[in-house]
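Have a look at the structure below, then the notes.
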Amino acid sequence: MDFEHITITNNEAENQYEVKLDDKVAVLTYHRRGNQITFLHTGVPTELEGHGIASQLAKHGLDEAQQQHLRVIPACPYVAQYIRRHKEYLPLVTHSQE
């Protein structure tokens, strides 16, 4: 399986970014309100762990938030950790629940 070139889709009906591989789905769930997006949870099936899928989901979600000029609330511990490791995303972060 090629984990370098995965396809991430935004399933707006389910409020989540998704990666589908075989019959498994990895997700980054979010809640969007106005110009703010709260990343809630990153979930990767055990069979897909260790291939960088969670980091690709986090990067994709943060890149989209940046392109759409959204403020980010990293409620998901994984996304918060990703932002700490990739400081270029720090300007997006807000802690207020406007």
Side-chain angles (χ1 to χ4, degrees):
M1 221 177 284
D2 183 6
F3 293 101
E4 291 284 315
H5 301 96
I6 61 173
T7 300
I8 299 173
T9 56
N10 183 1
N11 182 341
E12 292 184 32
E14 296 292 327
N15 293 317
Q16 63 189 20
Y17 292 100
E18 300 176 341
V19 172
K20 294 181 181 179
L21 295 167
D22 294 331
D23 61 341
K24 307 289 183 231
V25 181
V27 299
L28 170 56
T29 61
Y30 63 84
H31 173 74
R32 174 134 182 224
R33 193 167 96 209
N35 69 339
Q36 195 165 275
I37 189 166
T38 303
F39 290 112
L40 301 170
H41 174 71
T42 305
V44 177
T46 306
E47 300 87 349
L48 301 178
E49 288 178 355
H51 298 285
I53 294 172
S55 64
Q56 290 184 57
L57 281 165
K59 179 181 185 338
H60 185 86
L62 290 165
D63 286 346
E64 279 207 354
Q66 192 170 43
Q67 291 164 6
Q68 296 173 21
H69 306 288
L70 301 176
R71 303 296 294 155
V72 171
I73 298 175
C76 168
Y78 186 88
V79 174
Q81 178 188 30
Y82 187 90
I83 292 169
R84 283 194 293 276
R85 289 193 324 259
H86 300 87
K87 303 216 183 299
E88 65 270 23
Y89 295 111
L90 276 174
L92 301 176
V93 176
T94 186
H95 295 287
S96 65
Q97 301 276 342
E98 296 168 9

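Worth saying up front: this structure is predicted, and the values here are computed from it rather than measured. We use all heavy atoms of the structure for the numbers below, so side chains are in, but hydrogens, waters and symmetry mates are not.
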side-chain contact (heavy atoms from CB on, under 4.5 Å) evaluation trace for L92 with L70: CA-CA 7 Å; L92 301 176; L70 301 176; over 6 Å; no

Side-chain heavy atoms under 4.5 angstrom apart, residues restricted to Ile, Leu, Val, Met, Phe, Trp, Tyr: same cluster for I53 and L40? no

Can you get from L57 to V93 by hopping between Ile, Leu, Val, Met, Phe, Trp and Tyr side chains that sit under 4.5 Å apart? yes

Indicate, with yes or no, if V79 and L48 share a hydrophobic cluster defined by side-chain heavy-atom contacts under 4.5 Å among Ile, Leu, Val, Met, Phe, Trp and Tyr. yes

For the hydrophobic clusters of this structure (ILVMFWY residues joined by side-chain heavy atoms under 4.5 Å, transitively), does one cluster hold both L28 and Y82? yes

Quick one: closest heavy-atom pair of Q68 and R32, and the distance? OE1-NH1, 3.0 Å

Any side-chain hydrogen bond (donor to acceptor under 3.5 Å, both in side chains) pairs touching residues 6-15, not counting sequence neighbours? N10-Y30, N11-E18

For Y78 and S55, indicate whether the former's side chain and the latter's backbone hold a donor-acceptor pair under 3.5 Å. yes

Please report the interatomic distance CD(E64) to NZ(K59), rounded to the nearest 0.5 Å. 11.0 Å

When rounded to the nearest 0.5 angstrom, what distance separates CG in L62 from CD1 in I83? 5.0 Å

Between Q56 and I8, the two heavy atoms sitting closest are O-CD1, 3.5 Å

Hydrophobic clustering (ILVMFWY, side-chain heavy atoms < 4.5 Å, transitive) - are V44 and V19 grouped together? yes

Would you confirm whether R71, through its side chain, and I37, through its main-chain N or O, come within 3.5 Å as a donor-acceptor pair? no

